[in-house]
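Here the structure is a predicted model, which is why all the values come from computation and not from measurement. Note on naming: letters A, B, ... go to the chains in the order of the sequence lines (proteins, then strands), and numbering restarts at 1 for each one.
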There are 2 protein chains.
Amino acid sequence: MPKPNHKEALLDAGLAAFHHRGYHATGVQEIVSSAGVPKGSFYSHFESKDALGLAALARYWEDRAKARALLRDAGLPGLERLDRYLAALGYSEDGCLIGNLTAELAQLDAFRQDLSRLWRQWTDALSQCLADGQRDGSVRTDVPATELARTVLALWEGAVLSAKVERSPKPLNMARRTLRHLLAP
Amino acid sequence: MPKPNHKEALLDAGLAAFHHRGYHATGVQEIVSSAGVPKGSFYSHFESKDALGLAALARYWEDRAKARALLRDAGLPGLERLDRYLAALGYSEDGCLIGNLTAELAQLDAFRQDLSRLWRQWTDALSQCLADGQRDGSVRTDVPATELARTVLALWEGAVLSAKVERSPKPLNMARRTLRHLLAP
DNA sequence: GAGACTAAGACGACCGGTCGTATTTACGAT
DNA sequence: ATCGTAAATACGACCGGTCGTCTTAGTCTC
């Protein structure tokens, strides 16, 4: 049984490096050095670099499960939940790993399915929140919740990209304002 | 004087490869093979791979100048111009080179400035069209044209990313519908 | 012949991954 | 509980290949 902290260290280091530098610009050597794990051990923990990449995506998604819980907070109207969720996601200079790797890797067979599933999961989570909002009256009802969710996600990811190149959280604030206006009844 | 078609061939091949596979996943060898140019000649035409990357971005932007002319079509209301422009941009399985390379390369000194400038130019072009729309009454006036332009661009880029992972133009159609609703007075 | 240009192949660094050996763990017998 | 052995795991050194770039020989033009 390998030491659990080696795998975790590799996962942490991989996630950080892929997020900051991108997937193909990051080598296995760099990850193992950063994780303080001998390179020969890498393949005891991950079958391949691709496997680590997929694991990093899954970890990134799971790391934001707490923020996603805000989308299900029954004590708030739907629109307010959404806004709190986006505020909780917040700004990062490196942007969003899912968006970044979608741009870089969506055309690769090894990644497309997982990326596609993440987008779907994300859309579903947003959609359920917005459907609740439609029931509680905080969200417009003339467009299906699913389409609204797709719009939210697209605008958010575009804003994150803009924030990345601008090195500023302003586009995220703009997106939140716009969404309040767009989604209100 | 190098043959002009070699440089063009390299630029075309580089643009296509960077767009389809991403920057770091594309090697100089692949580009020269695709362009039918000897590898040793590459550096007679481009100082470095980075230089080609930057040239490819500029080319991509220039290739869409014709579509951008639609934004300035004085015969149409501003909102209609915008929609025609987005329709003219259309769907591509590879997404948008500017968006893709922003995600992949915005953190690199060699690329940030050019990417940032492209986003600014794009935003300015959209902003002028929307300001015209505010004057002609086709676009809402309660939000400055610049902020609307940023929103348009963010939503579009996010939708392009979504379209890339979905392999479908549907997100782009959604974005156009949403923008009509969002921008109308 | 001189200078400019072209381009084949070499360069050092890096790539993801493999493999033989060393180390650790697990298990059965005593 | 201890020990010997087998199995599993870890990992240092290595693999063949690719990377972007450069060097230098060859070619062309004046």
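- Closest contact between the side chain of A:Tyr43 and the listed nucleotides C:dG17, D:dG12, D:dT21 involves C:dG17.
- In the hydrophobic clustering of ILVMFWY residues, with side-chain heavy atoms under 4.5 Å counting as a link, A:Leu130 and A:Leu76 come out apart.
- With rounding to whole Å, A:Leu52 atom CG is found 15 Å from C:dC15 atom C1'.
- In this structure, A:Lys39 atom NZ and C:dG17 atom P are separated by 9 Å, rounded to whole Å.
- In the set D:dT21, C:dG17, C:dA8, the nucleotide with an atom closest to the side chain of B:Pro38 is C:dA8.
- Salt-bridge formation is detected for the pair B:Asp83/B:Arg176: a Lys NZ or Arg NE/NH1/NH2 atom is positioned less than 4.0 Å from an Asp or Glu carboxylate oxygen.
- For the pair B:Lys7 NZ and C:dT6 C1', the interatomic distance rounds to 16 Å; values are reported in whole Å.
- The phosphate of D:dA10 (OP1 or OP2) has a side-chain N or O of A:Ser44 nearer than 4.0 angstrom.
- For B:Arg64 and B:Tyr60, the positive end sits near the middle of the six-membered ring, less than 6.0 Å away and at most 45° from its axis.
- Here the side chain of B:Lys49 is nearest to one of D:dG12, C:dG17, D:dT21, namely D:dT21.
- The CD1 atom of B:Ile31 sits 11 Å away from the P atom of D:dT21 (whole-angstrom rounding).
- Of the two residues near DNA chain C, A:Glu30 and A:Gly40, the one whose nearest nucleotide lies more 5' is A:Glu30.
- The cationic atom of B:Arg150 (NZ for Lys, CZ for Arg) does not lie both less than 6.0 Å from the six-membered ring centre of B:Trp122 and within 45° of the ring axis.
- The distance from atom CG of B:Leu10 to atom P of D:dG20 is 13 Å, rounded to the nearest whole Å.
- As rounded to whole Å, 14 Å separates atom C1' of D:dC11 from atom CZ of A:Phe42.
- For A:Ser41, counting side-chain heavy atoms from C-beta on, the closest listed nucleotide (C:dG17, C:dA7, D:dA10) is D:dA10.
- B:Leu54 has its CG atom 15 Å from the C1' atom of D:dG20, to the nearest Å.
- Annotation: B:Tyr23 is in aromatic contact with B:Phe111 [ring centroid separation under 6.0 Å].
- For A:His6, taking side-chain heavy atoms from C-beta onward, the closest of the listed nucleotides C:dG16, D:dC19, D:dC11 is D:dC11.
- Distance NE2 (A:His45) to P (D:dA10): 5 Å, rounded to an integer number of Å.
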